[in-house]
Amino acid sequence: MRDLLPPSVAVAIAGPADWTGELLPAEQACLSDRAVQSRRRDFTAGRVCARRAMADLGLPPAPVPAADDRAPIWPAGVVGAITHTAGYCAAAAARTTDVRSVGMDAEQHRELNPGVRRLVLLPEEEETCARLPSDTSWPIVLFSAKETVYKVWFPVVGSWLDFHDARLELDPDAGTFTARIAVARLAAATVPAPPATISGRFTVADGLVRTAAVLPLG
Ligand SMILES: CC(C)(COP(=O)(O)OP(=O)(O)OC[C@H]1O[C@@H](n2cnc3c(N)ncnc32)[C@H](O)[C@@H]1OP(=O)(O)O)[C@@H](O)C(=O)NCCC(=O)NCCS
């Protein structure tokens, strides 16, 4: 993820020990006693990486609990994002004096079945995918980019965004994407200046699709 985000954003990628690392009490309290082993590992790696990213910013250790809707609750003055997929976990953190929001997502590079494609892609995005080189599963790239867009959007606006509420354009050579948010969602937002566009970067390598984006200040 480091290559996808600006230097003002600290990024930590989980190493082997991080999946069984320490949780702070406020984080431990967010994990249900019934959580299965894989969920415990994912949650733990995300929190260990989140603290390492914050340490890289020069911040003291602080818990990152989860809200009831699962969104991470970052310490005051910090924005960030967490993602995990089989065998891979990353967290990003930045000071609110540097960026307004940050999002990122990792997915296994795979085909999406037709039902999920219909849910995720707008007809014009399907057409874009059909035009692009066939060595990449573009629908999963768009899926990941939209999840990144949601992680940028939600902490700022606090409202749901459907997959069809963001129309994505990709530049496969530059490895960039831009999401344009549906006018109706912008009009319904209850915060000043909801972001009309969210731009980010993507990469497909080693069997993983990785996407990330920041919302600049102002
Ligand atoms: C929330 C969501 C984006 C998470 O993505 P995912 O691929 O399922 O899982 P990832 O591993 O990449 O990310 C999970 C992390 O996202 C974070 N997260 C969860 N809800 C979040 C929210 N509302 N806002 C920001 N981050 C959130 C959490 O840190 C979570 O990890 P944790 O539970 O261990 O703390 C996804 O489950 C979802 O609800 N998507 C539907 C909304 C959407 O994407 N719309 C598209 C708009 S264009």
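Counting convention: from 1, in listed order, for ligands and their atoms alike.
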For ligand 1, which part of [X] has a heavy atom less than 4.0 Å away: the side chain, the backbone, both, or neither?
X: R39; answer: side chain
X: W153; answer: neither
X: T85; answer: neither

Contact (N/O only, under 3.5 Å) between [X] and ligand 1:
X: H84; result: yes
X: P72; result: no
X: E107; result: yes
X: D162; result: no

Quick check on contacts: which atoms of ligand 1 are under 4.0 angstrom from a heavy atom of [X]?
X: F43; result: 34 (O)
X: A166; result: 48 (S)
X: R47; result: 32 (P), 34 (O), 35 (O)
X: D105; result: 7 (O), 12 (O)

By salt bridge (charged side-chain N to carboxylate O under 4.0 Å, His left out), E147 pairs with (sequence neighbours left out) none
Taking the hydrophobic residues Ile, Leu, Val, Met, Phe, Trp and Tyr, and joining any pair whose side-chain heavy atoms are under 4.5 Å apart, which ones share a cluster with F43?
L23, L31
Nearest non-hydrogen protein atom to atom 36 (C) of ligand 1, with distance, is E147 OE2, 3.3 Å
Looking at R117 and E126, is any side-chain nitrogen of the basic one under 4.0 Å from a carboxylate oxygen of the acidic one?
yes
Would you say E22 has more than 12 foreign heavy atoms packed within less than 6.0 Å of its CD?
no
